[in-house]
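Protein chains get the first letters and strands the later ones, always in sequence-line order, with residue 1 at the start of each. Heavy-atom basis, side chains included; hydrogens, waters and symmetry copies ignored.
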2 protein chains.
Amino acid sequence: MNQKVNSQEWAREKIRSAGLRATPARIATLKVLHGSESPLTHAEVSDELQNLEIDKATVFRNLTDLVAKNVIRRSALGDNVWRFEIIKESAHKPDSHPHFICVDCGSVSCMEDVELKRTSTSKSPLFERITEIVLRGHCNECA
Amino acid sequence: MNQKVNSQEWAREKIRSAGLRATPARIATLKVLHGSESPLTHAEVSDELQNLEIDKATVFRNLTDLVAKNVIRRSALGDNVWRFEIIKESAHKPDSHPHFICVDCGSVSCMEDVELKRTSTSKSPLFERITEIVLRGHCNECA
DNA sequence: ATTACACTTGCAACTCTATTGCGTTTGAGT
DNA sequence: ACTCAAACGCAATAGAGTTGCAAGTGTAAT
Ligand SMILES: [Mn+2]
Ligand SMILES: [Mn+2]
Ligand SMILES: [Zn+2]
Ligand SMILES: [Zn+2]
């Protein structure tokens with residue numbers, strides 16, 4: 001119970017300090033994302049919020065607003081659906097990690113323990129400006 | 001002129017040896033993809049084929065068929081639109097390369113000269129099954 | 001060259017994700 | 001409590017992609 005109160009207050013503070021109004025829809029949305037280990041689609045967030053009867057346009061707008069304020073991140077993992085996750089503000093790390101999505105079952109994993117490096121032979125200057133890495137393939141469940 | 005004939009025949013042969021019928025729509029589609037340095041969206045392919053007045057459903061179906069037959073590859077680069085490119089059959093290489101897409105202007109590059117390696121510390125077994133790598137960021141044109 | 005039929009196509013209707021316009025409601029500073 | 005920009009619900013809209021079905025065509029066999 002205390003946990004719930006904390007989660008509620010954490011969400012409210014997060015939203016307020018981003019310069020947004022702490023509406024029930026936004027608090028609920030952020031709590032849902034906070035409780036997930038992998039990024040969620042708009043549909044998944046909406047489903048979690050169905051008992052609150054929040055309009056889908058509102059959910060979209062709130063997710064977009066929170067992205068604009070750098071509270072959450074929007075990723076496109078290759079199945080033509082946006083996914084959203086909270087940006088963890090670690091001490092010094094930039095909190096940017098590759099995502100893996102299974103082309104068979106669609107399961108998504110945050111690969112926080114993985115880092116990619118370019119081979120020394122490459123001269124491509126594009127590499128300096130990469131902001132997001134998406135890896136697609138077959139997960140362990142899908143042979 | 002000889003060039004055109006060769007391209008036409010190359011496309012026909014490619015389609016036929018894949019076990020598909022060499023229809024005008026398919027030949028034209030494959031020629032369009034063959035003439036592009038980066039993967040094209042369905043809309044871009046359709047535009048190139050506008051003078052032939054080929055239905056968009058037909059273009060989608062042909063692209064899908066060619067993907068199923070491993071003649072072309074379908075990639076999702078993060079803007080929720082699929083892109084298609086010819087699979088080059090090099091002697092021994094698997095012809096799989098990362099793609100870069102600019103989050104500002106949407107330009108796409110095939111990064112054939114780039115290779116990614118995982119750091120030795122990572123133990124993630126997912127890494128063994130990766131089939132596609134997508135890199136997103138800011139291109140050189142977009143500061 | 002003709003035939004036969006499975007494969008392809010065009011068309012329209014449809015699904016799904018996401019966006020937008022607008023009138024109404026509400027959060028939060030005063 | 002009052003005020004009003006911010007946020008909301010609702011409905012219409014846009015765009016990518018899919019599907020059912022009747023009509024048309026490529027290809028192999030005659
Ligand atoms: Mn993540
Ligand atoms: Mn490519
Ligand atoms: Zn899987
Ligand atoms: Zn750019």
Side-chain angles (χ1 to χ4, degrees), chain A residues 8-9 11-30 39-69 71-84 101 103 106 108, chain B residues 8-9 11-30 39-47 49-69 71-72 74-84 101 103 106 108:
Chain A
Q8 179 88 8
E9 270 314 305
R12 158 171 261 110
E13 170 56 23
K14 199 77 179 166
I15 295 165
R16 293 258 56 216
S17 61
L20 297 172
R21 290 187 183 175
T23 66
R26 283 191 181 139
I27 296 171
T29 296
L30 208 53
L40 300 178
T41 67
H42 163 264
E44 289 167 340
V45 173
S46 266
D47 281 353
E48 295 278 340
L49 269 41
Q50 58 175 314
N51 52 323
L52 299 178
E53 290 182 4
I54 301 172
D55 191 77
K56 71 186 173 82
T58 297
V59 178
F60 267 119
R61 279 191 278 232
N62 283 341
L63 289 171
T64 302
D65 292 342
L66 290 169
V67 168
K69 297 295 186 180
V71 175
I72 66 178
R73 173 177 27 241
R74 187 184 77 173
S75 305
L77 305 187
D79 54 356
N80 296 359
V81 181
W82 298 124
R83 280 180 175 76
F84 303 87
I101 181 168
V103 295
V108 174
Chain B
Q8 179 88 8
E9 268 316 305
R12 159 172 260 109
E13 170 56 24
K14 200 77 179 166
I15 296 164
R16 292 258 57 215
S17 62
L20 296 172
R21 292 186 182 177
T23 66
R26 284 191 181 138
I27 295 172
T29 296
L30 208 53
L40 300 178
T41 66
H42 162 265
E44 290 167 339
V45 173
S46 268
D47 281 353
L49 269 41
Q50 58 175 314
N51 53 324
L52 299 179
E53 290 181 4
I54 300 171
D55 192 77
K56 71 184 173 86
T58 298
V59 178
F60 267 120
R61 279 191 278 231
N62 283 341
L63 289 171
T64 302
D65 291 342
L66 290 169
V67 168
K69 297 295 186 178
V71 175
I72 66 178
R74 188 184 78 174
S75 303
L77 305 187
D79 53 356
N80 294 358
V81 181
W82 281 321
R83 282 178 175 77
F84 303 86
I101 180 169
V103 296
V108 174

Novice: Under 3.5 Å, which protein N or O atoms sit close to an N or O of nucleotides 10-12 of chain D? Give each pair with its distance.
Specialist:
residue: D:dC10; atom: N4; partner: A:R61; partner atom: NH2; Å: 3.3

Novice: Which residues pass the side-chain hydrogen bond (donor to acceptor under 3.5 Å, both in side chains) test with B:R83, not counting sequence neighbours?
Specialist: B:D79
Novice: To the closest 0.5 Å, what do you measure between CH2 (A:W82) and OG (A:S75)?
Specialist: 9.0 Å
Novice: How close or far is atom C1' of D:dA16 from atom CG of B:D47, stated in whole angstroms?
Specialist: 14 Å
Novice: Grab the two heavy atoms, one from A:A18 and one from A:V71, that are nearest each other, plus how far apart they are.
Specialist: CB-CG2, 3.7 Å
Novice: Could you check B:V81 against A:N62 and say which one's nearest nucleotide on DNA chain D is further toward the 5' end?
Specialist: A:N62
Novice: Using five base pairs at each end to define the local axes, how bent is the helix from C:dA1-D:dT30 to C:dT30-D:dA1, to the nearest 10°?
Specialist: 30°
Novice: What are the two closest non-hydrogen atoms of B:I101 and B:L77, and how far apart are they?
Specialist: CG2-O, 3.1 Å
Novice: If I compare all heavy atoms of B:L30 with all of B:A11, which pair ends up nearest, and what's the gap?
Specialist: CD2-O, 3.8 Å
Novice: Under the rule for side-chain hydrogen bond (donor to acceptor under 3.5 Å, both in side chains), what residues qualify as partners of A:N80, not counting sequence neighbours?
Specialist: none
Novice: Assign a letter to each nucleotide of nucleotides 24-30 of chain D from its 5' end: B, base within under 4.0 Å of a protein heavy atom; S, sugar-phosphate only; -, no contact.
Specialist: -BBSS--
Novice: Starting at atom CZ of A:R26, determine the distance to atom C1' of D:dC8, rounded to an integer number of angstrom.
Specialist: 10 Å
Novice: Is there side-chain contact between B:D65 and B:N62, with at least one heavy-atom pair below 4.5 Å?
Specialist: yes
Novice: So how far is it from B:I15 CD1 to B:K69 NZ, rounded to the nearest 0.5 Å?
Specialist: 12.5 Å
Novice: Only pairs at least two apart or in different chains count here, so list each side-chain hydrogen bond (donor to acceptor under 3.5 Å, both in side chains) that has a residue in residues 14-24 of chain B.
Specialist: B:K14-B:E89
Novice: Are A:N80 and D:dG17 close enough that a side-chain N or O sits under 4.0 Å from OP1 or OP2?
Specialist: yes
Novice: Walking along DNA chain C from 5' to 3', note the first and the last nucleotide with an atom under 4.0 Å from a heavy atom of chain B, and give both.
Specialist: C:dA6 to C:dA18
Novice: Only pairs under 3.5 Å count here: list side-chain donor-acceptor contacts from residues 45-57 of chain A, not counting sequence neighbours, and write none if there are none.
Specialist:
residue: A:S46; atom: OG; partner: A:H42; partner atom: NE2; Å: 3.4
residue: A:Q50; atom: NE2; partner: A:D47; partner atom: O; Å: 3.4
residue: A:D55; atom: OD2; partner: A:A57; partner atom: N; Å: 2.9

Novice: Send over the distance from B:D65 CG to D:dT19 C1', rounded to a whole Å.
Specialist: 14 Å
Novice: Which heavy atom in A:G78 sits nearest to a heavy atom in B:A76, and how many Å separate them?
Specialist: O-CB, 3.0 Å
Novice: For the side chain to side chain contact (heavy atoms under 4.5 Å, CB included) test, which of B:L40, B:L63, B:T29 pairs with B:I72?
Specialist: B:L63
